[in-house]
2 protein chains.
Amino acid sequence: MSAVASRPAGLETRRAILDAALELFSERSFDGASTRAIAELAGVTQPLLNYHFAGKEELWRAAVDDLFERYRTSMELRLSGLRGVDDVTVAKLMVRHFVEFSAANPQLQRIIAQESKRAGGRLEWLVETHVRPVYENAVAMFERLAARGELARVAPEHLYYLLIGAGATVFMMAPECQRLTGVDPFAREFVAAHADLVVDLLIRATTKESA
Amino acid sequence: MSAVASRPAGLETRRAILDAALELFSERSFDGASTRAIAELAGVTQPLLNYHFAGKEELWRAAVDDLFERYRTSMELRLSGLRGVDDVTVAKLMVRHFVEFSAANPQLQRIIAQESKRAGGRLEWLVETHVRPVYENAVAMFERLAARGELARVAPEHLYYLLIGAGATVFMMAPECQRLTGVDPFAREFVAAHADLVVDLLIRATTKESA
DNA sequence: CATTTGTCTGATCGAACGATAAGATTGGTT
DNA sequence: AACCAATCTTATCGTTCGATCAGACAAATG
């Protein structure tokens with residue numbers, strides 16, 4: 001049953017389903033995305049989802065796994081070969097990469113925001129499996145910055161959600177931004193300007209004046 | 001049919017339904033909140049929703065209307081009697097009130113975030129009916145601050161979503177924050193500290209150094 | 001060529017969905 | 001007391017949901 005995917009055709013279909021699932025889960029929420037709509041977007045029939053995945057919930061988890069895996073690898077790639085570089089520069093790169101990834105993959109914040117509103121099995125899994133490592137990484141970054149006097153000594157809970165919110169909200173809400181302001185937040189210059197702003201805000205702004 | 005509510009009992013029931021609808025729509029999304037669940041939370045039977053409201057979509061609109069009405073009146077109350085006060089103080093009060101309202105009513109950002117992910121009728125209505133006035137008010141505030149040199153000359157689209165995201169995300173995602181960090185973001189001290197941080201970030205941080 | 005195994009489809013299940021119709025009940029009016 | 005309109009419930013409609021099953025199809029293996 002649960003599909004180990006040994007033949008090439010199976011892998012391609014699996015990928016098409018994962019992409020479609022991520023798209024619809026992220027913009028319509030778990031309940032709003034029907035398995036039939038996902039199947040249609042993937043170009044397959046609905047029962048095929050249950051062949052490749054054990055059920056709707058497991059399909060959701062597989063899609064989220066895939067997305068976070070992309071986030072992790074892209075961040076590692078960005079930070080590879082920076083052994084000797086100072087903490088401030090690395091931190092700025094991390095923040096910038098988070099903003100740019102959020103622009104290139106608004107599904108990430110959309111899914112996190114969706115599930116974070118309500119306690120339950122999916123939130124529990126999401127936090128313990130994927131969010132906590134990201135959070136702890138961020139906290140470590142905050143501490144390195146604070147130790148060098150480049151960041152006000154504020155509780156990490158505040159800084160984390162400040163960073164997440166400031167950096168990703170406009171991309172998560174891109175359709176609203178488009179309609180409200182007429183500006184396409186995914187435009188190259190917008191993303192760059194927003195990343196600059198967030199980096200400045202987090203790292204330069206709370207420096208020196210505070211603490 | 002459409003219930004003009006002349007007898008007192010009707011108004012109380014209507015309010016109970018609106019409260020239940022707001023709660024479930026905000027945390028489960030439009031599709032995830034069933035009319036039966038809303039009715040149960042309100043302590044009435046499911047068909048009664050169709051007596052007081054024309055349908056699920058109109059119930060959603062009525063609940064959102066109610067919420068934004070509360071936001072508007074509370075903001076006006078907060079800013080009443082401030083005719084002579086300088087722009088910077090007023091702006092700080094506005095930002096602080098937005099953060100505190102987002103803490104007291106996380107449903108606001110939850111519903112906005114939910115609908116802003118996808119273009120469609122509900123987003124269109126939400127933007128034109130409620131979000132745009134708030135946005136234009138914020139833009140006017142940005143311009144007054146910039147004119148006094150208290151804010152970097154950044155495009156308002158960036159500042160608006162920066163403010164929204166930084167100020168409301170942690171409350172919107174309160175269940176995640178609780179599980180991830182063990183901290184209750186609704187605690188009085190947390191809300192106050194977060195408001196301070198956002199006010200400082202927006203108004204003091206981008207001052208002088210930039211531009 | 002025959003067999004097997006991985007992949008996919010058509011048909012259909014029971015449950016939950018939003019909505020409606022018909023009638024019971026309640027409270028104000030005369 | 002009689003009436004009537006507002007409020008609410010019970011029963012049920014047709015649709016869509018996620019899931020299952022039996023079988024078709026295709027590709028690798030012998």
Side-chain angles (χ1 to χ4, degrees), chain A residues 1-64 114-115 118 120-122 125, chain B residues 1-25 27-64 114-115 118 120-122:
Chain A
M1 26 190 77
S2 63
V4 219
S6 56
R7 285 204 274 214
L11 285 176
E12 290 174 23
T13 314
R14 200 183 145 92
R15 167 118 311 273
I17 293 174
L18 280 177
D19 289 343
L22 188 63
E23 191 62 28
L24 295 190
F25 278 139
S26 68
E27 79 172 19
R28 302 186 187 186
S29 88
F30 183 84
D31 295 302
S34 75
T35 55
R36 280 173 175 82
I38 294 172
E40 190 185 8
L41 183 60
V44 299
T45 55
Q46 184 256 349
L48 194 61
L49 305 202
N50 275 73
Y51 171 75
H52 285 283
F53 305 92
K56 191 182 184 182
E57 185 115 358
E58 185 169 305
L59 170 59
W60 179 85
R61 280 206 293 263
V64 174
Q114 171 60 37
E115 299 301 330
R118 188 184 179 200
R122 288 199 301 274
W125 176 87
Chain B
M1 26 196 78
S2 61
V4 219
S6 55
R7 285 203 276 211
L11 285 177
E12 290 174 22
T13 314
R14 201 183 145 91
R15 167 116 313 270
I17 294 175
L18 280 176
D19 289 343
L22 188 63
E23 190 62 28
L24 294 190
F25 277 140
E27 78 172 19
R28 302 186 186 184
S29 90
F30 183 83
D31 295 301
S34 75
T35 56
R36 281 173 175 82
I38 294 173
E40 190 184 8
L41 183 60
V44 298
T45 55
Q46 183 257 349
L48 193 62
L49 305 201
N50 275 74
Y51 171 75
H52 285 282
F53 306 93
K56 191 182 183 182
E57 184 115 358
E58 185 170 304
L59 171 57
W60 179 85
R61 280 207 292 264
V64 174
Q114 172 60 39
E115 299 301 329
R118 187 185 180 198
R122 287 198 301 274

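This is a predicted model, so every value here is computed, not measured. Residue numbers start from 1 in every chain, and the chains themselves are labelled A, B, ... in the order their sequence lines are given, proteins ahead of strands.
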Peer 1: Once you round it to whole Å, what is the distance between C1' of D:dT16 and CG of A:Asp31?
Peer 2: 14 Å

Peer 1: Distance check needed: D:dA28 P versus A:Leu11 CG, whole Å only.
Peer 2: 13 Å

Peer 1: Of all the nucleotides listed (C:dG10, C:dA21, D:dC8), which has the minimum atom distance to the side chain of B:Pro47?
Peer 2: C:dA21

Peer 1: Quick one: is B:Tyr51 getting a side-chain N or O under 4.0 Å of the D:dC8 phosphate, OP1 or OP2?
Peer 2: no

Peer 1: Nearest-Å distance, CD (B:Gln46) to C1' (D:dT12)?
Peer 2: 11 Å

Peer 1: Return yes if some donor-acceptor pair links the side-chain N/O of A:Lys56 with the main-chain N/O of A:Asn50 below 3.5 Å, else return no.
Peer 2: no

Peer 1: Just how far, in rounded Å, is C1' of D:dT16 from NZ of A:Lys56?
Peer 2: 12 Å

Peer 1: Quickly work out the B:Glu40 CD to D:dT9 P distance and round it to whole Å.
Peer 2: 13 Å

Peer 1: Which is it for B:Val44 and B:Leu49 under the side-chain contact (heavy atoms from CB on, under 4.5 Å) test, yes or no, and what are the steps along the way?
Peer 2: CA-CA 8 Å; B:Val44 298; B:Leu49 305 201; 4.2 Å; yes

Peer 1: Looking at every strand, decide which applies to B:Ala39 at a 4.0 Å heavy-atom threshold: base, sugar-phosphate, or nothing.
Peer 2: nothing

Peer 1: From C:dG18, C:dC8, D:dC17, pick the nucleotide closest to the side chain of A:Arg36?
Peer 2: D:dC17

Peer 1: Under 4.0 Å from OP1 or OP2 of D:dC8: is there any side-chain N or O of B:His52 that close?
Peer 2: yes

Peer 1: Does B:Thr45 make a side-chain N or O approach to OP1 or OP2 of D:dC8 shorter than 4.0 Å?
Peer 2: no

Peer 1: Picking from C:dT20, D:dC17, D:dT9, which would you name as closest to the side chain of B:Val44?
Peer 2: D:dT9

Peer 1: Just how far, in rounded Å, is P of D:dA19 from CD of A:Glu58?
Peer 2: 11 Å

Peer 1: Start with the C-alpha distance between B:Thr35 and B:Leu59, add both sets of side-chain angles, then the distance that settles side-chain contact (heavy atoms from CB on, under 4.5 Å), and finish with yes or no.
Peer 2: CA-CA 10 Å; B:Thr35 56; B:Leu59 171 57; 5.6 Å; no

Peer 1: Rounded to the nearest Å, what distance is computed from the CD1 atom of residue B:Ile17 to the P atom of nucleotide D:dT7?
Peer 2: 11 Å

Peer 1: Would you mind classifying the nucleic acid contact of A:Ala33 as base, sugar-phosphate or nothing, using non-hydrogen atoms under 4.0 angstrom?
Peer 2: sugar-phosphate

Peer 1: With under 30° as parallel and over 60° as perpendicular, where do the rings of A:Trp60 and A:Phe30 fit, or are they tilted in between?
Peer 2: perpendicular

Peer 1: Working note: A:Glu40 + A:Arg36, criterion side-chain contact (heavy atoms from CB on, under 4.5 Å); need CA distance, chi angles, decisive distance, verdict.
Peer 2: CA-CA 6 Å; A:Glu40 190 185 8; A:Arg36 280 173 175 82; over 6 Å; no

Peer 1: Tell me whether the OP1 or OP2 atom of C:dT7 has a side-chain N or O from A:Thr13 closer than 4.0 Å.
Peer 2: no

Peer 1: Looking at B:Ser34, does any N or O in its side chain come under 4.0 Å of the phosphate oxygens OP1/OP2 on C:dC17?
Peer 2: yes

Peer 1: Nearest to the side chain of B:Leu48, which nucleotide is it out of C:dG18, C:dC8, D:dC8?
Peer 2: D:dC8

Peer 1: Considering only D:dC17, C:dA19, C:dA11, which nucleotide approaches the side chain of B:Asn50 most closely?
Peer 2: C:dA19

Peer 1: Rounded to the nearest angstrom, tell me the gap between atom CD in B:Glu12 and atom C1' in D:dT7.
Peer 2: 12 Å

